[in-house]
Amino acid sequence: MNKRRHNIILLVLIILGIGFIALTALVALLPTSGLDIEFSHYIQSRQNPVLDKIMYLISTPGYTPEAPIMIVATSLLFLLFKYKKAAGYTLLTALSGLLSTIVKALVNRPRPSKDIVRIVFETSQKSFPSGHMMFYVIFFGFMIVLMFQLEGVAKWVRTVVIVISLFFIFTIPVSRIYLGAHWFTDVLGGFLLGLPSLYVLAWLYLRKKADDTEAPKPEVV
């Protein structure tokens, strides 16, 4: 990576960090804002039983035990095809749950309540940041990174994985708000925290090319 690109990425990460800190301070001081309420009412204004099920299915990979099962299954699949390094780093995406839980406990923001929004699916823990948003950015984002690196994987497989990953990343914010599980600022916080986390994970993975004991066809770096 050349110096100019490195500086641009560093600047973007600093901006994201400042944005997350500012947003955290805002939701800590103002747990329920007019913007959040209006955004939730707008998203929930288009309700029907079919959409309820679709939005729940979009969120399903981020619940427990579905998320841990998906992580382990994906890691085992990489291991089966002898991509040992990719398998190991895929397991690290599980740390997103620990990080989001710690921040949730520190901020201690309540979930949206039934007297303000429609709660389609009851959830536990606190609200900020959205663990689903953060996990999807890190896990599915890392899958996109891997698909650009593992040339030994069939091109059609890589294309399908990238499309599916992008679908989940872009639809999960709407799903969480529609289900009444989060506010807009929750999913924004999950994105702002998830993106730098994804960068760190990808940087650790890409800093050293896998040798022939870690991948049948070493990744492109």
Side-chain angles (χ1 to χ4, degrees), residues 9-10 12-21 23-24 27 58-80 83-109 111 123-150 161-162 164-173 175-176 181-182 185-210 214-215 219 221:
I9 292 176
L10 182 60
V12 171
L13 291 175
I14 291 174
I15 292 173
L16 289 173
I18 293 174
F20 178 76
I21 293 172
L23 186 63
T24 302
V27 300
I58 290 172
S59 285
T60 297
Y63 290 122
T64 301
E66 288 86 354
I69 291 174
M70 182 174 66
I71 293 171
V72 173
T74 303
S75 180
L76 289 175
L77 192 60
F78 281 128
L79 198 60
L80 178 65
Y83 287 103
K84 298 177 183 179
K85 184 180 179 183
Y89 276 84
T90 296
L91 290 176
L92 292 179
T93 61
L95 294 177
S96 66
L98 176 61
L99 180 57
S100 67
T101 298
I102 292 173
V103 178
K104 284 176 186 287
L106 292 173
V107 179
N108 197 34
R109 186 189 200 184
R111 294 271 183 174
T123 52
S124 57
Q125 287 195 325
K126 295 300 180 178
S127 189
F128 182 90
S130 167
H132 270 74
M133 183 77 251
M134 186 176 171
F135 172 63
Y136 279 36
V137 167
I138 296 174
F139 177 82
F140 290 111
F142 189 59
M143 290 302 104
I144 294 173
V145 171
L146 290 178
M147 291 306 102
F148 278 106
Q149 298 300 313
L150 306 180
V161 171
I162 289 172
I164 291 174
S165 297
L166 288 173
F167 171 80
F168 277 114
I169 291 172
F170 283 108
T171 57
I172 191 60
S175 170
R176 302 311 289 158
H182 284 290
T185 46
D186 293 333
V187 295
L188 179 59
F191 176 80
L192 292 176
L193 187 57
L195 206 55
S197 301
L198 171 62
Y199 175 80
V200 171
L201 181 62
W203 178 81
L204 290 172
Y205 174 80
L206 294 171
R207 64 178 177 165
K208 179 179 177 293
K209 182 187 291 187
E214 297 173 307
E219 320 80 273
V221 177

Please indicate whether F168 has more than 12 foreign heavy atoms, meaning atoms of other residues, nucleotides or ligands, lying under 6.0 Å from its CZ.
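Yes, CZ of F168 has more than 12 neighbouring heavy atoms, counting only those of other groups under 6.0 Å.
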Indicate yes or no: at least one non-hydrogen side-chain atom of [X] is less than 4.5 angstrom from one of [Y].
X	Y	result
Y89	L146	no
F139	T90	yes
K104	P129	yes
I164	M143	no
L204	L92	no
M134	V137	no

Nearest 0.5 Å, please: how far is [atom2] in [Y] from [atom1] in [X]?
X	Y	atom1	atom2	value
I9	Y199	CD1	OH	4.5 Å
F78	L91	CZ	CG	11.0 Å
F191	L198	CZ	CG	9.5 Å
K85	L79	NZ	CG	15.0 Å
M133	L193	CE	CG	11.5 Å
T185	L23	OG1	CG	6.0 Å

Closest heavy-atom pair and its distance - [X], [Y]:
X	Y	value
L16	L195	CD1-CD2, 3.7 Å
R176	S59	NH1-OG, 3.1 Å
M147	I162	CB-CG1, 3.8 Å
I138	S96	CD1-CB, 3.5 Å
T60	E66	O-CB, 3.3 Å

side-chain contact (heavy atoms from CB on, under 4.5 Å) evaluation trace for L95 with L201:
CA-CA 10 Å; L95 294 177; L201 181 62; over 6 Å; no
Report the residues that fulfil ring pair (Phe, Tyr, Trp, His ring centres under 6.0 Å) with F167, sequence neighbours left out, ordered by chain and then residue number.
none
Look only at the side chain of [X] and the backbone of [Y], and say whether a donor-acceptor pair between them is shorter than 3.5 Å.
X	Y	result
H132	I172	no
S75	I71	no
Y136	G194	no

Contacts of T171 meeting side chain to side chain donor-acceptor pair (under 3.5 Å) (sequence neighbours excluded), chain-then-number -> none
Is the ring pair F142/Y205 parallel, tilted or perpendicular, if the boundaries are 30 and 60 degrees?
perpendicular
For H182 together with F128, are the ring centres under 6.0 Å from each other?
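No, they do not, as the ring centres are separated by 6.0 Å or more.
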Suppose the criterion is salt bridge (Lys or Arg N to Asp or Glu O under 4.0 Å): which pairs have a residue in residues 186-200, not counting sequence neighbours?
R109-D186
